[in-house]
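Numbered from 1 within each chain, the chains take letters A, B, ... in sequence-line order.
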Number of protein chains: 2
Amino acid sequence: MSAVRTRSAPQDRRQAILDAAVRVFARRGFHACRVSDIADEAGVAYGLVYHYFGSKDSVLDTLFLERWNVMLDMIAEVDATEASAREKLYAIASFIVDSYRHDPDLMKVIIVDVTRAANSFGQTHLARIREAYRRIAAIVEGAQRQGAFKAEIDAEFAAMAFYGAIEQMLTGWIFEMLPADEEHYERAKRLVVETICGGLEISGASHGRRDADRDGD
Amino acid sequence: MSAVRTRSAPQDRRQAILDAAVRVFARRGFHACRVSDIADEAGVAYGLVYHYFGSKDSVLDTLFLERWNVMLDMIAEVDATEASAREKLYAIASFIVDSYRHDPDLMKVIIVDVTRAANSFGQTHLARIREAYRRIAAIVEGAQRQGAFKAEIDAEFAAMAFYGAIEQMLTGWIFEMLPADEEHYERAKRLVVETICGGLEISGASHGRRDADRDGD
DNA sequence: AGGTTTCGATTGACAAGTCAGTCAATCATT
DNA sequence: AATGATTGACTGACTTGTCAATCGAAACCT
């Protein structure tokens with residue numbers, strides 16, 4: 001124990017408020033819950049929330065930005081490796097799915113409450129979200145230059161389709177439309193990459209034709 | 001003209017309120033706008049909104065259900081045809097994209113305020129949304145039985161990836177992350193189907209292996 | 001060691017404002 | 001006159017953000 005007894009360290013209180021916010025936001029949604037709910041859940045006085053955060057919005061901002069920035073860093077890091085585009089995309093899918101596995105409430109809040117309010121909040125969030133698409137698109141572009149991915153599919157589109165597919169999986173888990181267990185998490189990672197890359201990669205035959213009729217090679 | 005002059009037909013007023021609601025919901029979001037905003041936009045008195053609708057939520061419910069049911073019918077109709085799975089999925093993508101082209105405000109409201117907030121409303125919406133996934137999954141299953149789609153990818157997962165990719169395109173247009181013009185709408189339809197089916201269909205070679213090495217068949 | 005000052009952390013009652021929903025009255029049409 | 005549509009002021013409930021007061025720990029002094 002470090003600074004225990006009657007009062008805990010300031011940063012613990014701040015973190016306790018953030019943790020409590022994740023729980024109540026996930027439970028009833030950002031709009032439906034009150035600042036007093038956060039304070040009650042964290043076991044602190046109402047006013048303390050305003051001591052650490054400028055507003056209720058600011059609490060949500062902090063939750064989103066802290067997590068999103070970790071993801072942006074992760075994407076940049078992965079892209080810097082020598083792995084194939086497929087492996088890079090698998091790493092991203094893994095990261096997002098594992099984020100959900102590790103803290104489903106936080107991911108629920110980010111997907112349900114932040115994305116929804118992305119336009120009513122400042123443009124800040126929108127810019128960060130867009131940045132993620134851009135970095136994924138950069139991976140696709142790299143693969144296109146190397147001839148591994150079809151060049152005729154716009155990289156920006158592909159990135160959004162990829163991210164959209166992943167987000168829909170999480171949505172399925174969040175709203176209990178899909179079974180959410182360890183096995184399905186792993187299957188989801190593989191499915192998303194297999195589905196998207198199977199369509200993006202230039203395979204030996206069948207460039208995108210509907211029928212599986214083999215041509216004269 | 002039928003019942004014109006000083007007072008228009010009741011159903012016109014009701015529709016005027018719905019149309020106004022779409023506009024104000026799209027502009028500032030469902031939660032951020034007041035019932036008085038709807039009434040003002042529609043040019044009717046505050047109380048009239050409550051004459052036609054039981055609550056503010058009920059207005060949103062109506063907007064969502066009326067449109068969503070049209071889509072559900074459309075999917076069932078398409079699935080009953082003899083078209084290939086790829087053509088069926090293209091028809092669905094077309095319908096959704098065209099819905100956005102025809103009434104972007106309404107689609108924005110449905111995606112931003114309903115689809116992503118489905119848990120805060122009753123289970124009614126969730127069930128309708130799930131029904132859409134189920135119908136798309138049925139198309140995938142049909143293709144799997146016919147040997148046109150890979151059997152090892154869960155149909156439910158595939159359906160969600162497909163819908164998620166489309167919804168992400170709309171999100172891109174809604175938040176002005178993607179160029180929204182006629183040409184891009186058409187490209188988006190093709191991209192989504194090409195991306196998803198390219199990965200789902202059993203092509204002559206490369207069953208899902210990363211490398212395009214041809215096996216001895 | 002004991003007393004005291006300082007200052008950020010913490011409290012919770014309160015002011016000020018918001019908004020959904022109600023309802024009694026009015027209007028138009030038949 | 002009867003019926004249903006329409007009005008908009010009003011109520012009641014609820015919320016955010018403020019703020020003056022209090023607390024606790026450490027530094028500072030004697």
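Within 4.0 Å of B/Ser55, counting heavy atoms only, lie sugar-phosphate atoms of the nucleic acid but no base atom.
Summarising the geometry, the separation between CG on B/Asp12 and P on C/dT29 is reported as 14 Å, rounded to the nearest angstrom. Straight-line distance from the OH atom of B/Tyr52 to the C1' atom of D/dG4: 9 Å, rounded to whole Å. Regarding A/Phe30, its CZ atom lies at a distance of 11 Å from the C1' atom of D/dT16, rounded to whole Å. The distance from atom CZ of B/Arg34 to atom P of C/dT18 is 8 Å, rounded to the nearest whole Å. The distance between atom CZ of B/Phe53 and atom C1' of C/dT22, rounded to the nearest whole Å, is 18 Å. One can place CD1 of A/Ile17 at 12 Å from C1' of C/dT11, the figure rounded to the nearest angstrom. Atom NE2 of A/His31 is separated from atom C1' of C/dA20 by 16 Å (rounded to the nearest Å).
Looking only at side-chain heavy atoms (C-beta outward), A/Trp173 and A/Arg101 stay at 4.5 Å or farther from each other.
Each of D/dT18, D/dT15, C/dA9 was ranked by its minimum atom distance to the side chain of A/Tyr50; first place goes to D/dT18. If you check C/dT10, C/dG21, D/dT16 against the side chain of B/Lys56, the one that comes closest is C/dG21. Side-chain proximity of A/Ala45 to the nucleotides C/dT11, D/dT6, C/dC19 is greatest for C/dT11. Considering only side-chain atoms of B/Leu48, the nucleotide from C/dT11, C/dA20, D/dT6 that sits closest is D/dT6.
Note on A/Arg13: a side-chain N or O is less than 4.0 Å away from OP1 or OP2 of C/dT10. When the side-chain nitrogen and oxygen atoms of B/His51 are compared with OP1 and OP2 of D/dA5, one or more of them lie within a distance under 4.0 Å.
A donor-acceptor contact shorter than 3.5 Å links the side chain of B/Asn69 to the backbone of B/Leu65.
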**Request:** Might you work through the side chain to side chain donor-acceptor pair (under 3.5 Å) test for A/Tyr90 and A/Glu194, ending with a clear yes or no?
**Result:** CA-CA 9 Å; A/Tyr90 182 83; A/Glu194 171 58 25; over 6 Å; no

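Nearest heavy atom pair, residue A/Val109 against residue A/Val22, reads CG2-O, 3.8 Å.
Note: B/Tyr163 and B/Tyr133 have perpendicular aromatic rings, judged against thresholds of 30 and 60 degrees for the angle between ring planes.
Side-chain to base pairing of B/Tyr46 with C/dA20: one donor and one acceptor N or O lie within less than 3.5 Å of each other.
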